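Nothing here was measured: the structure is a model prediction, and the numbers come from that model. Atoms considered below: every heavy atom in the structure, side chains included; atoms not considered: hydrogens, waters and symmetry mates. Just so we're on the same page: letters track the sequence lines, and every chain starts at 1.
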Amino acid sequence: EIKMAFIDPLSGPFGPSGEAAYTSYLLEAERINEAGGVNGEMIELTGYDNKVNPKESLVQLQKAIDSGARYIFQGNGSSVAAAIIDAVNKHNKRNPGDEVLFFNYAAVTPAFTNESCSFWHFRFDAHADMKMAAITDYIRSQDDIKKVYLIGQDYIFGQAVAAAAESQLTEKRPDIEIVGNELHPLGKVKDFTPYIQKIISSGADAVITGNWGADMQLLMKAAAESGSDIPYMTFYGGSLGAVSALGEGAMDLLYQVSEGITNLEASDEQYELIETYKERFPEYDYYYHRAHVAMRMFKEAAEKAGSVDPIAVAYALEGMVHQDAYGPVTMRAEDHQAQQNLYISTVSDDVKYGVDNIELGWKVVEGGEIDASVAEQPTTCEMERPEKP
Amino acid sequence: MSDATQNHADLAPSTGAKFRQRTLPILIFVAIILAIPMTDPSRTMLTLIHQMAINIVFALAYNMLLGKGGMLSFGHAVYFGLGGYFCMHVMNWIEEGSGIWGSYPTFFLPVMGFVAGGLAAAVIGSFSCRRAGTTFAMISLGVAELVFSGAFMFDSLFGGEQGINGDRMNGPEVFGLSMGPMQDIYWFMAFWTVVGIVAMYAFTRTPLGRLSEATRDNPQRVQFIGYNPTRVRWLVFTISGAFAGLAGGMSAVNYEIFTPEALSLIPSGFVLIMAYVGGITYFAGPIMGAILLTYMSSMMSDFTEAWLLYLGLMFVIIVMYAPRGIAGIVFGFWDGLRGAQSGEFLKRTLIQLAGCLLMLLGLIVLVEVSIRWSNGWGEVFEPYGMHFGHDSILTWIVIVVPIVAGAAILRYLGREKEEMPA
Amino acid sequence: METIVFALLNGVIYGLLLFMLSSGLTLIFSMMGVLNFAHASFYMLGAYFAFTISGSTTFWIALFVAPVLVGLVGAVVERYGLRKVHANGHVAELLFTFGLAYLIEEIVKIVYGKTAVDYRIPDLLNFPAFTIYGASFPAYRIFMLFIAIGMLIGLWYLLKKTRAGLIIQAALTHPHMVGHLGHNVPLIFMTVFGIGCAMAGLAGVIAGNIFVTDPAMAVQMGPIVFVVVVVGGIGSLEGAFLASLLIGLIQNFAVGINASFAEIFWFTGLSPTSEIGDITISSLAPVMPFLLLVLMLIFRPRGLMGEQEL
Amino acid sequence: MLEVKDLHAFYGKSHVLRGVNMEIMPGEVIALLGRNGVGRSTTAKAIMGEVAPKGEILFKGQPISGLESHKISRLGLGYVPESRDIFPSMTVRQNLVLGVKDMKNPGKYSIDQMLDMFPNLRARADNPAGVLSGGEKQMLTMCRTLMGDPELIIIDEPTEGLAPKIVQQIGDTIAEIAKTGVAILLVEQKLSIALRIANRVYVMGHGEIVYGGTPAEFAEREDVRKEWLEV
Amino acid sequence: MTAPALSLKNLSKSFGPAQIINDVNLDIAKGERHAIIGPNGAGKSTLFNLISGLYTPTSGTVSLNGTLISGVPPHEINRMGLSRSFQVSNIFANMTVRENVRCGVLHSLGQGYSFWKSVTSSKAVQEKTFEVLEHCALVDKANTPAALLPYADQRALEIAITIAGGANVILLDEPTAGMSHSETDRAVELIRKSSEGKTLVIVEHDMGVIFDLADRISVLVYGEIIASAPPSEIRGDPKVREAYLGDEALPEETA
Ligand SMILES: Nc1ncnc2c1ncn2[C@@H]1O[C@H](COP(=O)(O)OP(=O)(O)OP(=O)(O)O)[C@@H](O)[C@H]1O
Ligand SMILES: Nc1ncnc2c1ncn2[C@@H]1O[C@H](COP(=O)(O)OP(=O)(O)OP(=O)(O)O)[C@@H](O)[C@H]1O
Ligand SMILES: CC(C)C[C@H](N)C(=O)O
Ligand SMILES: [Mg+2]
Ligand SMILES: [Mg+2]
């Protein structure tokens, strides 16, 4: 039996974000178990609610480790991820032989695979600089965008997004004016109307935001109410409820960059997975594709290493290429950052799968397919590695 | 009329009684602490014990205010948090080795928490303690919210969302403890818990400790025996804040992280509940409360999602029916057993207990069944191999019958008591 | 100019919402002396009840039925809970309601789940009332404005003009005497508590769909309601009204101002990259109400219009 | 009309009433005399349900012991407490309105009648009651009780702390009320008034009734006066 | 001549529009036993509150042994040697009798606000506490929680706390209110004993107690002192008779 811990918000304003991912992990774990497990061992996944609070996450991490978990999944919030990376580093140093690995599926602050990279940390999502590169490349081709407004959550991830946007825009489109750069508290704003009014009066032609979860949904709700028709270039427009908040207005106004969307051409197997997911968890949509990827890559690595020992698995993961539904995923050995295709999509009513239980769904925009090699960014990581078993 | 042979020494408790009431509990406590490592506790157990240790000190510090001083605070976590934050900074200074900090042992970090918590409380108390009662409570609420929201503005002090983290394994070692593994932390926790308990118990026996009780009961009269109630409150508040800071320091070492949430209303409310559930009129009450609630919050949360509901329920029931808390129930039971009609008492208590347990049983089934039903993932409540589906009649019988039966028993007992001669 | 207009509009509307929420608390507090910590929980119940009712019927039915239900819950709480602890003094009452807030939140989580429910604005009011500086203003917010004003008038009439109001006021200071005059004081208290809760419930019905209806909404609104009641002055309806508007405006003006300390206090040579210099007025918005509360309690504990100290 | 049998009452542990027995007939004026602190006010409070009574209290043959105050009051018992308890921030008129138990079904007095009876009050009908003089407050309290149409009024120390001239006036008022057929239990210390208007007197000592008789009989009993009344 | 123990000069107090104390002038000499009588609501307790610092005068001054004390906070006035009791028992209900008295003793023995030493460490405190308890005949009940005391003992404890600090000016507000005959006698004895060599100001409605104890009596009516004289004169004063005593029979001149 392999104990794994999923530490993310399972209640509160970000509860849906955590739960949507948790359900994906649960489903994938079930499927792996049904197919005979990993090296014959069954996966036992337990969810721990951390309320997006780093301190609480460490309490939960401690509990998870105490109960025997050696693999930790977390993604919602770079603030939490930073704390977990630090705690895992310390734990592994203090408890040789009892190491744990941290599989990060969504906390995308670039630093985690750059200056503060760690052997114990693997990231399965493209980081903020990579995603921003995709967005800014797209903006480069949109000549009518002259003024851009940046809005984000006030913590390392939001700050990283703002910094990336600023530097990449000045490089790629020096003519663009950044007319606003606003950071608001994480998960505390209930009514974004004042922010939207600020955006409207700034005369922006586009908004870039890394908001996620409730902060994304409420931002869209306020935008819809204020009747604003400014396009939103987002990381997480796919957050539960964002599309339905905008309704028809979302079409060609809401954009997101992600590692894959349900409406991409894919194998029947993938379609079957999407449909099974929706059936099991009708409140959510199949969104966290990378959760499935992470699980599958773990299985492959464990089988390659012939063991479920964390160090062995970690070494096996390094450099591994996994052939996936939306293209190959490579776990770069230098910094443990997954390299994969990225897609820019917008909302459309002409789709196979809708989201939020309405007719609208995501559709890739023209030229919105970014190959993994294009999305790739250099790293500054200098990793300390333990002895190979 | 007074007996001529009596003198003041006779009025004080006898040495035997003193030993029984004061020294013995502490000795037993120390013995337990020494015995625990011999049982080779699991990691889970140690994690739990450490958390209890922190909460015991924090709850006792809080009860200095609420129980002894009569000051209801909704923001005591501010001092816990500020003490803890300061310790996190010191921990990082120790790591950098800057100035004298390089030679400061991590083991003594709680002293820094004590100082920082005390200072913060002294400053904030200098205006909030001018008022008592509800006004004081409201100020504490306001201050807590203010400090909490303000914390997000000063990232270099509070670290924003992410908080401040550090590594406790730096600085000189004392008592041969590297402070890395949990076993080392156990001794650290044991040491500071004993220090905290003994110091706070000693405080209740000082003139100021007594005056704080006097001020709680009757601030007006205190003025007319020559003391300034504001000053008394302020001093008690400061000392209580300092001990809260001590607990914060213990927490800093244990978790090696502090986030602004530590300053918020949630931990403040939790400490209030710990102290009150344990029993604010007894010194040992908050200790019991801290142990029980820490256990509940970390263990019960594994068994049931609804543990907060049980917690809230327990709190409300205690406010309504047992305002002296668990300690009151325990000591009341003890006194009853030693009282004249102990047989009668025992019988009554047992029946009462049976009534309560019956109601609890029904309630638990109700809550557990509904929580699974509401999650909608098709889970079913299956304790001990039984099966309680929300759609089976049996389930509802198991819910309703014990509740009604329990209520009837308690009602009957209540009636009987009224009819007993006063 | 745009900033000022937006801040004014949003401030007034948010302020009125605060008033709806706090008027019930003011009522309960001034009539019964109970500082109801669970008040915002009744607000939450209002929103959830409305969500359920409007799901199976319409918003308009929910608008009337949900507050009544919340009021009934409140009355039951008073009758079987609060009345028991009343004898143990105000602190016991306060702690009781404090525990109650936990309970309600957990029960809501069990019944409705831990995440937000999709409680929406009724279609009938889901259109922009007018457009100003390119931003449209939803009709629903205007509707809310009228409800709040209606509530102010109704409450004021109840308190100042009816015999029931007289009895309630008399019962606060002389409960025994009022009893001796043949009025059923416990029943009155229960009614008052019920009405206070129903008003919180109404606020929930109205606001739950503008904001978010989730189990955290009570905790989020709880402290701010106390700020309103205390700043306004205990038991003063007018005070609560003023304080609500004041807080609504302060917060919304703050959000609209991007200036940082370094810009405002440029003459002190504060560096814009320093931690203090970097603080913007808009980031101060969440702190303002509590600053106001603390200052008020220290310097003028009876609040803006209160007659007695807390 | 009112029968009290073996009434006991406690404040915490102190046993204040130790078996009070008395009886009041319709229309009677009874004076309850006794020194400070013997428990006269407590007797009144126990009857009115403000202090938990032990023992039997029958009003018009119906047991009222243990009922809530408002129910007792609705049976037709009025009470003017020692502390008077006017509602100071309300006007005189509003105070009177509060005396009415049921607006749909008011008693035999209207506010106007009351104000006619007491011209002093009419002059101040719209002033806050808090500014009234002690004597006026006392009158207001009695009027307020009358508005509730009681059949028996218990009046506790109406003349306490009032100047002798006003004491006289209050005495007259009570006599006036008695004439309308309302029974009165008057708790008093001032013998002069009590003896002037009472049909019967009870003397209380140490939580018990130690003497009962008509004013004329009582006048003869020098011994009772010496032992139980004089300071 | 030494300054009077207490001296009130043009003292007035109003609450809003209501003038409760109206231009009171009164000197009380050292060692005197002074009684204040007057109808309910005359302002006697208010006067005590003004002297002891609970209220600040609207105008006028109070001096204690020649030092101005109006505006000084109560605890400081107490430290200057003035102590008072309350009309309604005002004791520390949750503490035992001994602890109540000990609290009263602490300050006078220099215990300050210390939190570094135990209350039981000072022998002087223990001894003084015992002495006061004995004096007030409360030794038997020393370990009883104050709330459980019978009423009369609570009043005695009220006096005990008041005298425990060793103040030399003592104000007692209706110390015998609600007591029975024999209890009253006992209380009077206690008061007489405790006030020996000290200045006593007492408010009472019990004329027996007043005429028994007082060297001088002031009559306060509606905030004004209408007479201030030895008992024998008060007895015959028609003004006093009209305003307060009424027809009440007064105790015999010689006790
Ligand atoms: N609330 C109370 N708590 C404790 N004891 C009380 C209370 N009220 C009254 N007592 C005591 O009970 C006894 C009887 O009081 P009661 O008020 O009935 O006396 P009374 O005969 O009306 O005298 P008075 O002239 O003072 O009005 C007194 O000793 C009094 O001190
Ligand atoms: N804080 C206050 N605010 C307003 N009025 C007050 C206050 N304190 C006392 N009074 C009023 O002052 C007057 C005098 O009260 P005080 O208590 O001094 O009377 P007293 O002479 O002690 O009477 P008693 O003999 O009944 O004790 C009363 O009318 C009272 O209502
Ligand atoms: C769940 C994610 C949206 C988290 C976010 N990308 C972060 O790094 O904080
Ligand atoms: Mg009386
Ligand atoms: Mg008085």
key: Heavy atoms from other residues, nucleotides or ligands near CZ of Phe146(C) exceed 12 (cutoff 6.0 Å)   = no
Chain A contact via Leu9(C) - side chain, backbone, both or neither, heavy atoms under 4.5 Å = neither
message = When you measure from the side chain of Thr193(A) to the backbone of Asn10(C), do you find a donor-acceptor pair of N or O atoms at a distance under 3.5 Å?
response = no
ask   = Heavy-atom count around Glu359(A) CD within 6.0 Å, excluding the residue itself: above 12?
value = no
message = So Gln217(A) and Val212(C), do their side chains get closer than 4.5 Å, heavy atoms only?
response = no
remark   = Interface check, chain A: of Pro215(C), Pro138(C), Ala285(C), Ala216(C), most non-hydrogen pairs under 4.5 Å belong to Pro138(C)
request  = Report the distance from atom NZ of Lys188(A) to atom CD of Gln220(C), rounding to the nearest 0.5 Å.
outcome  = 9.0 Å
key: Lys221(A) side-chain N/O to Phe211(C) backbone N/O, donor-acceptor pair under 3.5 Å   = yes
inquiry  = Let's test your reading of the structure: which of Ala222(A), Ser226(A), Pro9(A), Gly15(A) forms the most heavy-atom pairs below 4.5 Å with chain C?
reply    = Ser226(A)
remark   = Those residues of residues 228-239 of chain A that come under 4.5 Å of chain C on a heavy-atom basis, listed by number, are none
task = Would you indicate whether the side-chain heavy atoms of Lys190(A) and Met217(C) approach each other to under 4.5 Å?
result = no
message = I'd like to check Arg120(C) versus Ser244(A) (side-chain heavy atoms, cut-off strictly below 4.5 Å). Are they in contact?
response = yes
query = So which bits of residues 195-207 of chain A come within less than 4.5 Å of chain C, counting non-hydrogen atoms only?
reply = Tyr195(A), Gln197(A), Lys198(A), Ile200(A), Ser201(A)
query = Contact part of Glu182(A) toward chain C, heavy-atom cut-off under 4.5 Å: side chain, backbone, both or neither?
reply = side chain
note = Here the gap from Ile13(C) atom CD1 to Asp191(A) atom CG, rounded to the nearest 0.5 Å, amounts to 9.5 Å
remark   = Honestly, the part of Leu10(A) sitting under 4.5 Å from a heavy atom of chain C is backbone
key: Nearest heavy atoms of Ser136(C) and Gly227(A), plus distance in Å   = OG-N, 3.4 Å
